[in-house]
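A short worksheet on the structure shown next.
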Amino acid sequence: MCFLKKSDISHQFSPHTRHGEAILHITPYNTSQIKSSSPFSLLASPPHLTSPHSRRYIITRLPSSQESVQSERRVTSSPPPPPPPRLRCNRSRVRVFVVGAAAMAILSALGTEVFIPVAAAVGVAFAVAQWLLVARVKVNPAHAAAAAASGGSKNGGYGDYLIEEEEGLNDHNVVVKCHEIQTAISEGATSFLFTEYQYVGIFMSIFAVVIFLFLGSVEGFSTKSQPCTYSKDKYCKPALFNALFSTASFLLGAITSLVSGYLGMKIATFANARTTLEARKGVGKAFIIAFRSGAVMGFLLASSGLVVLYIAINVFKLYYGDDWEGLFESITGYGLGGSSMALFGRVGGGIYTKAADVGADLVGKVERNIPEDDPRNPAVIADNVGDNVGDIAGMGSDLFGSYAESSCAALVVASISSFGINHDFTGMCYPLLVSSVGIIVCLITTLFATDFFEIKAVKEIEPALKKQLIISTALMTVGIAIISWLALPAKFTIFNFGAQKEVTNWGLFFCVAIGLWAGLIIGFVTEYYTSNAYSPVQDVADSCRTGAATNVIFGLALGYKSVIIPIFAIAVSIYVSFSIAAMYGIAVAALGMLSTIATGLAIDAYGPISDNAGGIAEMAGMSHRIRERTDALDAAGNTTAAIGKGFAIGSAALVSLALFGAFVSRAGVKVVDVLSPKVFIGLIVGAMLPYWFSAMTMKSVGSAALKMVEEVRRQFNSIPGLMEGTGKPDYATCVKISTDASIKEMIPPGALVMLTPLIVGTLFGVETLSGVLAGALVSGVQIAISASNTGGAWDNAKKYIEAGASEHARTLGPKGSDCHKAAVIGDTIGDPLKDTSGPSLNILIKLMAVESLVFAPFFATHGGLLFKWF
């Protein structure tokens, strides 16, 4: 008889045992009888199990002080082994673990299966409704005339001088011109994306084959079931089929990412001219059209990303059955596909738009002293096309990739925690439920900007956008609390590097909430450093008094300083989340930061749409007041775009760390020791990669911009009457220069990111690769924040001078002054920082991490060839 003390029993709760019951694991199994003192008394002999390491018991609490023990025999395909000889029990060798004693979640599996697709359907329906409202503004001259005749010339009582009704509201020539320009921009953007997607499609096919071959070779393309990675006493699906399903999820994620970018571009080009036409009635009307259009993109992308992932999980489950470890490991390919396409979209689109933008600004504004988006500028169409393929399509793919990876990181960790072990479908789908609640919250938040409150003055634009962030964050906090209470058991366990950590549902709520509020802090800090309403940007503008050099110095200093608070916010989020729920806590904190992605995308897309609207107004020859209205919208859009990038970079840091933890666990790395030479060489090389990547992307923009500047100068010098407005510029040549340059130059940076994990993991092994991932994460986040905020500050310093809205700003202007030219030079330097290198870096750190996780089985089995050979 063996007597156990209370200290011999450690409680680890499981959501799949009934209230008042517990599963015990007892080691070793050769005890003949076990009896414990309070609180448990074991009266039955243990059953003989297939595992030599543990036995499981279900303990049912009786009214008395003792417990009756019912043995639970594991189901196996082979008969149980003969009973071992009865041996005396050594209490010091007996360990009892209580793996469960908690009630199930309130929300049933059926409720989860209904709520997620319904929330996605609501998001799609809301997007369609917003699109129909935008479509009421007609760019067809005949429809526009009918709308004007029915009373479309009322200004709604607006009083601000920027909101006075445009004289000649019923000028149909303006509508015709807007329609022609919109068509040219749309055709240019569509043509570029189709060209880009052809090249990306080739890469996608080749890399899909690489995934299948690498993962299939882990077990020699065997079709036999293999012991599970984290539960050696269980058998999981063959590696060959894991390779097949990982490849399928990669292709699914890649296609969804491409579709997200394409739909975003089509929505933006549909809305730009409509925003211009509505600006004739006032800045409030134009704001609503631009914001509704951004909401269409935001809700479509958030809903499609959610429903495609949910469908993929359910389809894959038909094959995997109870093998949730293999199921969610194969699902990580979805995040890899989304981010790999986002990388090419961001880099290719960024090179396109910034080559055209720099060429147009340097020659047009600085050399020829003509306004921005002047139709005489040969690069003006290419510039406006670039807004849609870079800032819209690239950004859409980027944020979709962030969402996909944060969801996959959380699902992978959950699959080897009590949710996955006990097949708790509602608990497993907690990340998807958070995203579903986010769609509902963002829907309510959007109504505050479009229906509940009306913009009546220019100064109300930026506060209205800030309120979107505050309202969505506050409402989402309540939504997270409700779904955490409904979908999670009171206590459960989370995988923590080989052990199981006990977590409560309110603890997990706090992890998501801290990520959500950290995102808001990052957003406000970004706004402070990039908005021309605050002193940092005004100081940058003031530095233009002494020329471009001091402008550059002030801008760089601002960018470096802007890193401090966001990094502290990210650090606190990491520490608190990990302390509560290990790597799963960090993954859901990242998901919390992205839970309001629909609102974030709406705000992000609003900026480029407003920018395009201003370009169309200038090219159509509309009044300067119309341009002032669109410039006011665009200035607020620049700030909100910087805020969106801050969210993306902050979430990328958390997602990358969660993926890094999952990779280390999957690859069998027990400790990442920075004092180990293998790890340290990876660490220092990984820290260098963001610099290498930034150098490649910035030089690509510079090379393409050089060709663009030369072409624009050539046309101004060789086309008779171009400056006088009697000659017509050759827009098509400039569009071709941007297209060819971006397609050619996006390949080397993309290859650097995609090949680095494969080469390092195969040749140097998982320890060195761990160092590379850690180094890239630490340095990449800093550079990305600094680059994005520096570029945003330079852009808004230029707009601050151009607007002349304050006495200080008027002393620096007007347009064409030396101060303004210095500001334009700073803006052109910042363009590749904020729209190419900076946003692409957050994809770099996420993509390398998720790629390493997908290929972890191969690296753990066959990696480190150089260290094996030498």
Side-chain angles (χ1 to χ4, degrees), residues 13-19 100 102-125 249 302-325 327-328 330-331 334 403-404 406-443 476 478-494 503-509 511-513 581 584 587-588 591-592 594-595 597-598:
F13 293 92
S14 167
H16 262 272
T17 54
R18 294 188 299 274
H19 186 65
M104 291 289 292
I106 297 174
L107 183 65
S108 65
L110 178 61
T112 302
E113 292 172 356
V114 171
F115 180 68
I116 294 174
V118 165
V122 169
V124 172
S249 61
S303 301
S304 61
L306 172 65
V307 76
V308 170
L309 179 58
Y310 179 72
I311 291 172
I313 290 171
N314 282 279
V315 170
F316 283 21
K317 199 163 65 169
L318 296 176
Y319 168 74
Y320 279 97
D322 290 340
D323 178 15
W324 284 18
E325 180 183 313
L327 165 63
F328 290 100
S330 65
I331 283 291
Y334 184 73
Y403 164 76
S406 60
S407 300
C408 290
L411 290 170
V412 167
V413 179
S415 69
I416 52 178
S417 303
S418 62
F419 298 140
I421 294 170
N422 299 305
H423 300 95
D424 178 4
F425 185 74
T426 299
M428 272 301 308
C429 287
Y430 179 71
L432 304 187
L433 290 168
V434 169
S435 300
S436 302
V437 172
I439 291 174
I440 306 300
V441 165
C442 290
L443 189 155
M476 192 64 202
V478 177
I480 295 168
I482 293 172
I483 203 64
S484 299
W485 174 59
L486 292 176
L488 297 174
K491 294 183 179 180
F492 48 92
T493 61
I494 293 296
V503 183
T504 65
N505 54 356
W506 292 113
L508 205 57
F509 154 73
C511 292
V512 183
Y584 187 71
V588 295
L591 201 65
L594 290 168
S595 58
I597 188 173

Please find the pair of heavy atoms, one from Ser303 and one from Ile439, that lie closest to each other, and give the distance.
OG-CD1, 3.8 Å
For the student: nearest non-hydrogen atoms of Ser595 and Val434, plus distance:
CB-CG1, 4.1 Å
Do you know the tightest heavy-atom contact between Phe115 and Leu433?
CD2-CD2, 3.6 Å
Atom NZ of Lys317 and atom CG of Asp323: how far apart are they, to the nearest 0.5 Å?
13.0 Å
Tell me if a side-chain donor or acceptor on Ser406 pairs with a main-chain N or O of Leu591 at a distance below 3.5 Å.
no
Look up atom OG in Ser435 and atom CG in Leu309, then write down how far apart they are to the nearest 0.5 Å.
8.5 Å
Roughly how far, to the nearest 0.5 Å, is CG of Leu107 from OG of Ser484?
11.5 Å
Please lay out, stage by stage, how Cys511 and Val588 fare under the test side chain to side chain contact (heavy atoms under 4.5 Å, CB included).
CA-CA 7 Å; Cys511 292; Val588 295; 3.8 Å; yes
Between atom CD1 of Ile331 and atom CH2 of Trp324, what is the distance when rounded to the nearest 0.5 Å?
12.5 Å
In Å and rounded to the nearest 0.5 Å, what is the CD1 to OH distance from Ile480 to Tyr430?
6.5 Å
Asn314 vs Phe425 side-chain heavy atoms within contact, under 4.5 Å
yes
For Tyr403, ring-ring contact (aromatic ring centres under 6.0 Å, His included) partners two or more places apart
none
Checking Ala125 now: which residues fulfil side chain to side chain contact (heavy atoms under 4.5 Å, CB included) with it, not counting sequence neighbours?
none
Looking only at atom types and distance, does a side-chain atom of Ser249 sit under 3.5 Å from a main-chain N or O of Ser330, one as donor and one as acceptor?
yes
Is Phe419 close to Leu411 at the side-chain level, that is, under 4.5 Å between some pair of heavy atoms?
no
Would you call the rings of Phe509 and Trp506 parallel, tilted or perpendicular, taking 30° and 60° as the class edges?
perpendicular
Do you know which two heavy atoms are closest between Val503 and Leu508, and how far apart they sit?
CG1-N, 4.3 Å
Of all residues at least two apart in sequence or in a different chain, which pass the side-chain hydrogen bond (donor to acceptor under 3.5 Å, both in side chains) check with Ser436?
none
Is there a donor-acceptor contact under 3.5 Å from the side chain of Ser415 to the main chain of Val412?
yes
Leu432 and Leu306 have their tightest heavy-atom pair at O-CD1, 3.7 Å
Heavy-atom side-chain contact between Tyr310 and Glu113 under 4.5 Å
yes
Would you kindly say whether Thr426 and Thr112 are connected by a side-chain donor-acceptor distance under 3.5 Å?
yes
Looking only at heavy atoms, the pair that brings Val441 and Met476 closest together is CG1-N, 3.8 Å
Side chain proximity check, Phe492 to Asp424, heavy atoms < 4.5 angstrom
no
So, taking the atom named CD1 in Ile421 and the one named CG in Asp322, what distance separates them when rounded to the nearest 0.5 Å?
13.0 Å
